[in-house]
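Comments concern the structure below.
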There are 2 protein chains.
Amino acid sequence: MKNYSKQREAILEVLRCTDTHPTANWIYEKVRETIPNISLGTVYRNLAQLAESGEILSLHVADGFEHFDFVTAPHAHLHCKQCGAIIDAKLDIEPLSKLSNDLGFTPQNTIYVVYGICKNCKQ
Amino acid sequence: MKNYSKQREAILEVLRCTDTHPTANWIYEKVRETIPNISLGTVYRNLAQLAESGEILSLHVADGFEHFDFVTAPHAHLHCKQCGAIIDAKLDIEPLSKLSNDLGFTPQNTIYVVYGICKNCKQ
DNA sequence: CCCAAATCAGTAATGATTACTATTTTATTA
DNA sequence: TAATAAAATAGTAATCATTACTGATTTGGG
């Protein structure tokens, strides 16, 4: 059902080696350094597939871009409204996925996004 | 700085009277019933302004649409990957924004999205 | 080696959102 | 009430992240 591809491997590798939360286009530019003729569509398709299978996390914040995260363990994302940075934060509360059972909802994963202003932008 | 407009009033009224989490276009269609020649751009502009001022909540989930919520108090959103429904859920944990973080981040509001499958779609 | 399914590169199309402009509305002051 | 500037609007055009499509290439199992 799911075959190996060196493109997908390279995409995962790029994501593994960054601590930011890049967009598809950023990853595309990065992967092009090793696979110059890779297609942007290929990047999108593989990212969607990896997110679907739970290997990576897809993150939608209020900047109009889809962001990706190699870390799938529950954690919070602090999104600076000014500079656009997405900062990881430890989650020292119980994940929400435990809560939603009384509604008959089967949770798969939870995204926490805190909007605000980061340290740098505040001065 | 901010003047009254009957268009903004109508947009807020539509949002106040729905328990779903509509998109700009859905709100546009609804407001057109009372203001037939309102412009879609006007709906977008006012929703952005209302979200910016904190009167409503802007919600980005993995369906490519921006959704809006009249309820600004912290609560979780259960998003069904199958039918696309967004269901409100009580938040019986301490909101993330209250948590002190040593990252120097100034939180303004937090969005909680739980992805999964809803009761109906599960059968 | 052979074949079917999966994946790809390259390109075109989609469509939610934003930008632009000339006109109208609002709030204030005289 | 009239005059004025700022804010908001309708209508339309432009943007651009993402998706869809197509014919070629790669993968994996027998």
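Letters go in sequence order (proteins before strands), and every chain restarts at 1.
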Whole angstroms only, please: what is the [atom1]-[atom2] distance between [X] and [N]?
{"X": "A:Met1", "N": "C:dT7", "atom1": "CE", "atom2": "P", "result": "8 Å"}
{"X": "A:His67", "N": "D:dT18", "atom1": "NE2", "atom2": "C1'", "result": "14 Å"}
{"X": "B:Ile38", "N": "D:dT12", "atom1": "CD1", "atom2": "C1'", "result": "16 Å"}
{"X": "A:Arg8", "N": "D:dG28", "atom1": "CZ", "atom2": "C1'", "result": "13 Å"}
{"X": "A:Asp63", "N": "C:dA16", "atom1": "CG", "atom2": "C1'", "result": "15 Å"}
{"X": "B:Glu9", "N": "D:dT9", "atom1": "CD", "atom2": "P", "result": "12 Å"}
{"X": "B:Tyr28", "N": "C:dG15", "atom1": "OH", "atom2": "C1'", "result": "15 Å"}

Open item on the list: By nearest heavy atom, map B:His60 and B:Lys6 onto DNA chain C; which one lands nearer the 5' end?
Closed with: B:His60

- [ ] Would you classify A:Lys2 as touching base, sugar-phosphate or nothing, given that sugar-phosphate means primed atoms plus P, OP1 and OP2, and contacts are heavy atoms under 4.0 Å?
- [x] sugar-phosphate

TODO: State whether B:Lys6 and B:Glu9 are salt-bridged, where the test is any N-O pair (Lys NZ or Arg NE/NH1/NH2 against Asp/Glu carboxylate O) under 4.0 Å.
DONE: no

TODO: For DNA chain C, determine which residues of residues 40-54 of chain A have any heavy atom closer than 4.0 angstrom to one of its atoms, and list them numerically.
DONE: A:Thr42, A:Arg45, A:Asn46, A:Gln49

Open item on the list: Assess, by modelled atom type and distance only, whether the side chains of B:Asp63 and B:His79 contain a donor and an acceptor separated by less than 3.5 Å.
Closed with: no

- [ ] Heavy atoms only: give me the nearest A:Leu47-A:Phe68 pair and the separation to one decimal.
- [x] CD1-CE1, 3.5 Å

